[in-house]
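Remarks on the structure that follows.
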Amino acid sequence: MKLDILAVAVHPDDVELGCAGTLLMEKRHGKKIGVVDLTRGELGTRGTVELRAQEAARSAVILGLDARENLGMADGFFRNDEEHQRLLIRAIRKYRPEIVLANSLEDRHPDHGRAGHLISDACFLSGLRKIETADDAGRPQEQWRPKYVFHYIQDRYAAPSFVYDISPVFDKKLASIRAYSSQFFSADYGENEPQTYISSPEFLNAVIGRHQMFGKMIGVPYAEGFITEKMIGVQDFEAFVQMDT
């Protein structure tokens, strides 16, 4: 299946926090959207691998994803090396996205930054025809390089290169986050497990505040921020959000 937008994340729930609103908006615009999770989040303090997979599946339904898969890399111990780049190149060539949304290049969690660089490198290398890969049936894959890689902003604040208005779908984005009841604050999650940095009500309040701040920059209620390493070009000023700010 060819996708228009592929979001790649090191942990199940990174996409929901970082760019779910953008995926939802692009789905509204008729685009095919998907997610590739690099790890199963098995080092997470709360929940289990099996529960996390169920939560990711629930979120996929909320987001209306056309595809979601997990590459099964080792949480915490994957590397930006040839082995892991080839795994991701196979997925990029499988879905042939025009745009990839990726983890931050630097963040509180070291996995995020390492994954951000892995994704950037794999997207470039995927366009080299002399790197040979095969699909699940053993057939050779053709090279494919996404047109853009945009890094969503995660825990640590970074000045965005641009922001995307997600106001019409913000409630649904929050629902996709709350699908991970083991990870984030939920009165329905009754397991006697320790509280973590992300499981308090204050964390979700901060997430909402960040999106309000990005929205204020362009005069809308909520927005998601992205950083690009590649210059963006436009052919039509009508693409801009034109608000008096």
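What you see is a predicted model, and the numbers here were worked out from it, not measured in a lab. In what follows, residues are counted from 1 in the order of the sequence shown.
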Checklist entry - Side chains of Tyr95 and Trp144: does their closest heavy-atom pair fall under 4.5 Å? => result no
Next on the checklist: Surrounding NZ of Lys2 (heavy atoms of other residues, nucleotides or ligands, distance under 6.0 Å), is the total greater than 12?
Outcome noted: yes
Checklist entry - Side chains of Arg86 and Thr133: is there a donor and an acceptor less than 3.5 Å apart? => result no
Item to check | Pair Arg90 + Glu142, salt bridge at N-O below 4.0 Å | outcome: no
Checklist entry - Quick one: do the Tyr180 and Gln54 side chains pair a donor with an acceptor below 3.5 Å? => result no
Checklist entry - When you look at Ser126 and Arg145, which way does the side-chain contact (heavy atoms from CB on, under 4.5 Å) test go after all the steps? => result CA-CA 6 Å; Ser126 181; Arg145 182 175 294 146; 5.7 Å; no
Checklist entry - Would you say the side-chain atoms of Ser182 and Glu55 include a donor-acceptor pair closer than 3.5 Å? => result yes
Next on the checklist: Is it the case that the side chain of Ser199 and the backbone of Gln195 share a donor-acceptor pair, with hydrogens and angles ignored and the cut-off at 3.5 Å?
Outcome noted: no
Checklist entry - Do the side chains of Tyr222 and Leu174 get nearer than 4.5 Å, heavy atoms only? => result no
Checklist entry - Under 30°, 30 to 60°, or over 60°: which ring-plane class applies to Tyr152 and Phe226, parallel, tilted or perpendicular? => result perpendicular
Checklist entry - Mind checking whether Ile99 and Leu6 have side chains closer than 4.5 Å, heavy atoms only? => result no
Checklist outcome for this item: The complete set of salt bridge (Lys or Arg N to Asp or Glu O under 4.0 Å) pairs with one or both residues in residues 223-235, sequence neighbours excluded, reads Lys173-Glu224
Checklist entry - Distance-only, no hydrogens or angles: does the Arg58 side chain make a donor-acceptor pair with backbone N or O of Ala179 under 3.5 Å? => result yes
Checklist entry - Would you say Lys27's side chain and Leu63's backbone share a donor-acceptor pair under 3.5 angstrom? => result no
Next on the checklist: Is it the case that the side chains of Asp155 and His109 hold a donor-acceptor pair, with the cut-off being a distance below 3.5 Å and no angle test?
Outcome noted: no
Item to check | Where at least one partner belongs to residues 192-213, residue pairs that pass salt bridge (Lys or Arg N to Asp or Glu O under 4.0 Å), sequence neighbours excluded | outcome: none
Item to check | Stepwise side-chain contact (heavy atoms from CB on, under 4.5 Å) check, Val241 with Val163 | outcome: CA-CA 10 Å; Val241 175; Val163 298; over 6 Å; no
Item to check | His151 vs Ser161, side-chain hydrogen bond (donor to acceptor under 3.5 Å, both in side chains): CA-CA, chis, key distance, verdict | outcome: CA-CA 10 Å; His151 298 272; Ser161 303; over 6 Å; no
Checklist entry - With side chains defined as the heavy atoms from C-beta onward, is the minimum distance between Glu26 and Asp4 less than 4.5 Å? => result no
Next on the checklist: Quick check on side chain to side chain contact (heavy atoms under 4.5 Å, CB included): which of Ile177, Val35, Ile62 does Glu16 satisfy it with?
Outcome noted: Ile177
Checklist entry - After noting the C-alpha distance and the side-chain angles of Ser167 and Val220, does the key distance pass the side-chain contact (heavy atoms from CB on, under 4.5 Å) rule? => result CA-CA 7 Å; Ser167 304; Val220 302; 3.8 Å; yes
Checklist entry - Taking atom CG of Asp236 as the centre, does the number of heavy atoms from other residues, nucleotides or ligands within less than 6.0 Å exceed 12? => result yes
Next on the checklist: I'd like to know whether CD of Glu69 has more than 12 heavy-atom contacts from other residues, nucleotides or ligands below 6.0 angstrom.
Outcome noted: yes
Checklist entry - Is the Lys NZ or Arg CZ of Arg114 less than 6.0 Å from the centre of Phe78's six-membered ring, within 45° of the axis? => result yes
Next on the checklist: Under the criterion salt bridge (charged side-chain N to carboxylate O under 4.0 Å, His left out), I'd like the reasoning laid out for Asp37 against Arg68: C-alpha separation, chi angles, the key distance, then a yes or no.
Outcome noted: CA-CA 8 Å; Asp37 298 304; Arg68 185 169 203 161; 2.8 Å; yes
Next on the checklist: Let's go through Gln85 and Cys123 carefully: what are the C-alpha distance in whole Å and the side-chain angles of both, what is the deciding distance for side-chain contact (heavy atoms from CB on, under 4.5 Å) to 0.1 Å, and is it a yes or a no?
Outcome noted: CA-CA 9 Å; Gln85 289 165 1; Cys123 285; over 6 Å; no
Next on the checklist: Cation-pi check for Tyr197 against Arg108: NZ or CZ below 6.0 Å from the six-membered ring centre and within 45 degrees of the axis, yes or no?
Outcome noted: yes
Next on the checklist: Using the salt bridge (charged side-chain N to carboxylate O under 4.0 Å, His left out) criterion, which residues pair with Arg139? Sequence neighbours excluded.
Outcome noted: Asp135
Item to check | pair Tyr189-Arg46: side-chain heavy atoms closer than 4.5 Å | outcome: yes
Item to check | From CE (Met213) to CD1 (Ile208), nearest 0.5 Å | outcome: 14.0 Å
Next on the checklist: Please verify the inter-ring angle class for Phe150 with Tyr148; under 30° counts as parallel, over 60° as perpendicular, anything in between as tilted.
Outcome noted: parallel
